Amino acid sequence: EVQLVQSGAEVRKPGQSLKISCQGSGYKFSNYWIDWVRQLPGQGLEWMGAIYPGDSDTRYSPSFEGQVTFAADESISTAYVQWRSLKDSDTAIYYCARRTSTVTTDKTHFDPWGQGTLVTVSS
Amino acid sequence: DIQMTQSPSSLSASVGDRVTITCRASQSISTYLNWYQQKSGKAPKVLIFGASTLQSGVPSRFSGSGSGTEFTLTISSLQPDDFATYFCQQSYNTPRTFGPGTKLEIK
């Protein structure tokens, strides 16, 4: 079974750093983009960007460029998103998802998704 | 960036109803359009990709259509398990963007 399992909920104060993880299993982790999606409390979905674990190529949404850093460790099939200095406004659920396509098309979608990591930033 | 809009933003319907949700893109995206269902407290899951291809394991009462800038998700006969929020998402280019969601509630 293809699966993404994310690290547990975190609570931090503004200005603190944080790294959360997403571990894949059931497939060759290095061959698929991992995308990150933010969901603010009670709100919709925002694409943050993506990383290709095979060569650590990254893409950032302009809204998140400079605010977060993506990383991946192929040896343990794990992707990360890191913050150097959290803000209250970073309080959200963060999802990772595998970018998937079929063999007959270049159209991609997100499947599966991790269960989400709730990040709470509060003084 | 490609802006995605959805209508309606919320919808009350009864079990057995036929429901249609519309998604529009700010520019043509061919059929690079996906639909996701999100239940409260859970991660989204893909229902339809490439505008009209049903994801394996998704009930056949779900269908998608459209191309260019206008797309629809149809549920032919609502079941109790279908009450959730539905998002469209374009995969035409980067940054990927989602619609604001349509919350489907029980009447």
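Note that the coordinates shown come from a computational prediction; the quantities given were computed from them, not determined experimentally. Computed from heavy atoms alone, side chains included, the values below leave out hydrogens, waters and symmetry copies. In what follows, chains are A, B, ... by sequence order, proteins preceding strands, each numbered from 1.
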* Following the transitive rule for hydrophobic clusters with a side-chain heavy-atom cut-off under 4.5 Å over Ile, Leu, Val, Met, Phe, Trp and Tyr, establish whether A:Met48 and A:Leu86 coincide in one cluster. => yes
Using atom types as modelled and no hydrogens or angles, find all donor-acceptor pairs between chain A and chain B shorter than 3.5 Å.
from	atom 1	to	atom 2	distance (Å)
A:Gln39	OE1	B:Gln38	NE2	2.9
A:Gln39	NE2	B:Gln38	OE1	2.9
A:Tyr95	OH	B:Gln38	NE2	3.3
A:Tyr95	OH	B:Lys42	O	3.3
A:Asp106	OD1	B:Tyr32	OH	2.7
A:Asp106	OD2	B:Tyr32	OH	2.9
A:Lys107	NZ	B:Thr31	OG1	3.3
A:Thr108	O	B:Asn34	ND2	2.9
A:Thr108	O	B:Ser91	OG	3.2
A:Thr108	OG1	B:Arg96	NH2	3.3
A:Phe110	N	B:Tyr36	OH	2.9
A:Asp111	OD2	B:Gln55	NE2	3.1

* Should A:Ile34 and A:Trp83 be counted in the same cluster of Ile, Leu, Val, Met, Phe, Trp and Tyr side chains packed under 4.5 Å apart? -> yes
* Could you tell me which of A:Leu45, A:Leu118, A:Ile93 has the largest number of non-hydrogen atom pairs under 4.5 Å with chain B? => A:Leu45
* Side chain, backbone, both or neither: which part of A:Pro62 has a non-hydrogen atom closer than 4.5 Å to chain B? -> side chain
* Asked: Which residue out of B:Pro44, B:Ala51, B:Gly50 racks up the most heavy-atom pairs below 4.5 Å with chain A?
  -> B:Pro44
* Heavy-atom closest pair, residues A:Phe110 and B:Val46 -> O-CB, 3.9 Å
* **Hydrophobic cluster identity match, B:Ile21 and B:Ile106, side-chain contacts under 4.5 Å** => yes
* Going only through I, L, V, M, F, W and Y residues with side-chain contacts under 4.5 Å, is there a path from B:Phe87 to B:Val19? -> no
* Verify same cluster id: B:Leu33, B:Ile48 (apolar side-chain graph, 4.5 Å) -> yes
